[in-house]
2 protein chains.
Amino acid sequence: MTSGESEFVEEMGQYLAGLGMTPMAGRMWGWLLICDPPEQTAADIAEALNASRGAISGTARLLATSGLIRRGTRRGDRREYFSAPPEALDSLLGSAAAIYHHMRAIAERGLHAIADRPAESKARLQEFYDVMGFVEREVPRVIAQFLRERSEGKA
Amino acid sequence: MTSGESEFVEEMGQYLAGLGMTPMAGRMWGWLLICDPPEQTAADIAEALNASRGAISGTARLLATSGLIRRGTRRGDRREYFSAPPEALDSLLGSAAAIYHHMRAIAERGLHAIADRPAESKARLQEFYDVMGFVEREVPRVIAQFLRERSEGKA
DNA sequence: CGGAAGTTTCAGTCAATGCTGAATAATGAG
DNA sequence: CTCATTATTCAGCATTGACTGAAACTTCCG
C-alpha cells in the first residue's frame, strides 16, 4: 500500500468513525474500494491494515450485515473473500435515508407526548416532523432515479 | 417535564449521539423543540436535563456554532436565552448534505492516490465518487425546493 | 468601587467501547 | 479419523471522550 493509499484508507476510517461507525469499518471499506485484487481474504486485509484477525472478523460481520461488503467463497478453498460490490452504494444511500425515517419516527412520538398542548406550542416539533417526512420521501426518489439512469447508461 | 417528554428528549439524545454528536447535544436540541416557554436560560435547561452548567455551556457553544440553536439576550438581564429557531432545520439539512460533500472529497483524494492504475482497477472508487457527487448536487436542490414551497404556502 | 449573579473554563472522574490476542470452534484435506 | 488451516468468540487492555464541579472570569447593579 502506497502512502497515498494509506492516507485514503485512514481518512475514510476516521470520517466514518465520526458518523457512528468504527474506524476499522471505515478503513476496511476504504481498502476494499481500492485494493487489488478486489477480492481479499481476512488475512490479506489484516495485513494491509495492520489489524488483528479478531477485528477483521467482527468488522466484516458488521459491514456484511449492513450490505456494504459481500462475503464470497470458492470451491476447495476454505477462506472467505471480501469485496465491495456495486450494490453497496445502494445500501449506503439507503442507510442515509433511514436516518430521516428514524428522526421522523422520534418526532412523531414526541408529538404524541405533547398532544394536549396548544398548536402554537407544538409548531417547532411539527415543522421538524414535516421536514423529515418530506426528505424521507423525496431523497430516496431522487437517488433511485439516478441509479436507474446510471444503469441504463451503462447497459 | 412529563415522562413522555422525557422519553422524547432522551431518545433524541441517544440517536444523535449515535450520529457523532454528544448525547447532551441531542437532549438539549430535543428539549428546545418542545419546551415551554420556547426560550430558556442555561439554568432552566440544566435543571430540565439534570445536567451540570458546564455541560450546558459547552454544548450550547457546539449547537450554536453549527446553527442549530440561537443565543439571545435581553436588556437588563445578563442571562442568555436559548431557543431552536426555524432556520435550524436549514442547518440540520445542510450539515447532512455536507457529509456527501466530504465523502466525495475523500474519494477524490483517493482517486488521485491511485491515478496510475488501469481504469478497471479504479472503477469502484470512481463510481463511489460519482454517486457522492450526484447526491451532493441534487439533495440540497430538493431540500431548497421544499423550503421554498413551504415558505410560500405559509406567506 | 465592591459585590452579586451568571457564564466559561478546565482538570479530574468515570463509563463506554474499539482493538488485541489467545483460546475455541469449524471446515476441508489426506 | 486426524491434522492443518481458517474463522469466530471473548476476556482484558487501553484509549477516548462526555460529564461534573469548582475555580476563574465577566458583567451589571447599587
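Every value quoted in this text rests on a predicted model; they were computed, and no experiment measured them. Below, chains carry the letters A, B, ... as their sequence lines are ordered, and counting in each starts from 1.
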May I have the distance from Ile45(A) (atom CD1) to dT8(D) (atom P), rounded to whole angstrom?
11 Å
Any side-chain N or O of Arg71(B) below 4.0 angstrom from OP1/OP2 of dT8(C)?
yes
Would you call the rings of Phe128(A) and Trp29(B) parallel, tilted or perpendicular, where under 30° means parallel and over 60° means perpendicular?
perpendicular
Nearest whole Å is fine: how far is dG18(C) C1' from Gln14(A) CD?
12 Å
Does Ala60(B) or Arg27(A) map to a spot on DNA chain C nearer the 5' end, using the closest nucleotide for each?
Ala60(B)
dC19(C), dT7(C), dT8(D): which one has an atom nearest the side-chain heavy atoms of Arg79(B)?
dT7(C)
Between Arg53(A) and Met21(A), which is nearer to the 5' end of DNA chain C once each is assigned its nearest nucleotide?
Met21(A)
Classify the nucleic acid contact of Gly58(B) as base, sugar-phosphate or nothing, counting any heavy atom under 4.0 Å across all strands shown.
nothing
Base of dA5(C) paired with side chain of Arg78(B) (donor-acceptor, under 3.5 Å)
yes
How many whole angstroms separate atom CD1 of Ile56(B) from atom P of dC19(D)?
9 Å
Give the rounded distance in Å between these two atoms: CG of Leu63(A) and P of dG18(C).
13 Å
Take atom CZ of Arg74(B) and atom P of dC29(D), then tell me their distance rounded to the nearest Å.
15 Å
Assign each of Ala42(A) and Gly20(B) the nucleotide of DNA chain D bearing its closest heavy atom; nearer the 5' end lies the nucleotide of Ala42(A)
Contact class for Asp77(B) vs. all strands (heavy atom < 4.0 Å): base, sugar-phosphate, or nothing?
nothing
For Thr22(B), answer base if it contacts any base atom (sugar-phosphate contacts may also be present), sugar-phosphate if it contacts only those atoms, and nothing otherwise; contact means non-hydrogen atoms under 4.0 Å.
sugar-phosphate
Rounded to the Å, how far apart are Asp44(B) CG and dG6(C) C1'?
13 Å
If you measure from the Lys or Arg side-chain nitrogens to the Asp or Glu carboxylate oxygens, is any gap between Arg70(A) and Glu39(A) under 4.0 Å?
no
Return the value, rounded to whole Å, for the distance between atom CD of Gln40(A) and atom C1' of dA7(D).
17 Å
Donor-acceptor pair, Glu5(B) side chain versus Thr2(B) backbone, under 3.5 Å?
yes
Can you tell me how far C1' of dA18(D) sits from CG of Asn50(B), to the nearest Å?
16 Å
Check Val139(A), Ile143(A), Val142(A) against Glu138(B) for a side-chain contact (heavy atoms from CB on, under 4.5 Å) and give me the one that passes.
Val142(A)
Any link between Leu62(A) and Ile56(A) through a network of hydrophobic side chains (Ile, Leu, Val, Met, Phe, Trp, Tyr) touching at under 4.5 Å?
no
Between dT8(D), dG18(C), dC19(D), which nucleotide has the shortest distance from any of its atoms to the side chain of Arg61(A)?
dT8(D)
Side chain of Ser57(A) - closest among dT20(D), dT8(C), dT8(D)
dT8(D)
Which part of the nucleic acid, if any, lies within reach of Arg75(B) when heavy atoms closer than 4.0 Å are counted: base, sugar-phosphate only, or nothing?
nothing
Students often get this wrong, so: under 4.0 angstrom with heavy atoms, is Ala43(B) touching a base, only sugar-phosphate, or nothing?
nothing
What is the nucleic acid contact for Ala17(A), judged by heavy atoms within less than 4.0 Å: base, sugar-phosphate only, or nothing?
nothing
Considering only heavy side-chain atoms of Glu80(B), the closest of dT8(C), dA7(D), dC19(C) is dT8(C)
Distance check: side-chain N/O of Thr41(A) vs OP1/OP2 of dT6(D), anything under 4.0 Å?
no
Hey, are Lys122(B) and Glu127(B) close enough for a salt bridge, meaning a charged N less than 4.0 Å from a carboxylate O?
no
